[in-house]
Amino acid sequence: MSNRKIQIAETDPESPDGYDGILLVIEDDQEEIFVLRRALSKSPINLNLEVAGNGQEALDVLIDTHERGKLEDITLI
């Protein structure tokens, strides 16, 4: 696994306590991530957003999530 720092399952403090899963997004453009966060905040589906800046970081997130036994929490990539 790489030594890069990865954003893990950021929760929106304004969202309800329960969530429908994790959306893993592979994106390095902060503006695109901002737009996605805004769109998700208006959605009736409550997904936590996890961001990987590139494919290797995404694989690291998947490996780490699998090792923690939480791979099923990732609903959509």
Side-chain angles (χ1 to χ4, degrees):
M1 199 184 294
S2 78
N3 293 328
R4 294 185 190 117
K5 190 168 186 170
I6 302 168
Q7 293 176 270
I8 302 291
E10 299 175 6
T11 54
D12 182 351
E14 296 179 12
S15 68
D17 289 335
Y19 67 94
D20 299 321
I22 296 171
L23 169 60
L24 173 58
V25 176
I26 305 163
E27 180 60 64
D28 63 352
D29 185 335
Q30 292 301 312
E31 190 171 325
E32 293 293 328
I33 294 168
F34 174 79
V35 170
L36 180 58
R37 281 186 202 283
R38 185 169 176 160
L40 284 174
S41 73
K42 297 174 188 256
S43 170
I45 299 171
N46 186 21
L47 291 173
N48 285 335
L49 184 63
E50 187 161 335
V51 179
N54 59 47
Q56 184 59 56
E57 288 181 11
L59 289 173
D60 292 344
V61 168
L62 291 170
I63 291 167
D64 181 60
T65 304
H66 174 69
E67 288 174 350
R68 290 184 289 122
K70 299 289 185 177
L71 192 57
E72 67 277 359
D73 287 353
I74 296 181
T75 306
L76 186 63
I77 300 174

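As the structure is a computational prediction, the values presented were derived from the model and not from experiment.
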Are Val61 and Leu71 in one and the same hydrophobic cluster, where Ile, Leu, Val, Met, Phe, Trp and Tyr link if side-chain heavy atoms are under 4.5 Å apart?
yes
Excluding sequence neighbours, so at least two apart, what forms side-chain contact (heavy atoms from CB on, under 4.5 Å) with Glu27?
Val25, Asp29, Glu32, Ile33
Work out which heavy atom in Ile26 is nearest to a heavy atom in Gly55; give both atom names and the distance.
CG2-N, 4.0 Å
What residues, two or more places apart in sequence or in another chain, satisfy side-chain contact (heavy atoms from CB on, under 4.5 Å) together with Asp73?
Tyr19, Ile22, Lys70
CD (Glu31) with more than 12 external heavy atoms under 6.0 Å
no
Residues two or more places apart in sequence or in another chain: which of them pass side-chain contact (heavy atoms from CB on, under 4.5 Å) with Leu76?
Leu23
CG/Asn48 to CG/Leu24 distance, rounded to the nearest 0.5 angstrom?
12.0 Å
Calculate, to the nearest 0.5 Å, the distance between atoms CZ and CD belonging to Arg37 and Gln30 respectively.
8.0 Å
Drop me the distance from Ser41's OG to Asn46's CG, to the nearest 0.5 angstrom.
10.5 Å
Which heavy atom of Glu72 sits nearest to which heavy atom of Gly69, and what is that distance?
OE2-O, 3.3 Å
Within the structure provided, determine whether Val35 and Arg38 are in side-chain contact (heavy-atom separation under 4.5 Å).
no
Any idea which heavy atoms bring Ala58 and Ala52 closest together, and the distance?
N-CB, 3.4 Å
Rounded to the nearest 0.5 Å, how far does CD1 of Ile74 lie from NE2 of His66?
11.5 Å
State, yes or no, whether a side-chain contact exists between Ile77 and Leu62 at a heavy-atom distance under 4.5 Å.
yes
CD of Glu57 to CG of Asp64, rounded to nearest 0.5 Å, is 12.5 Å
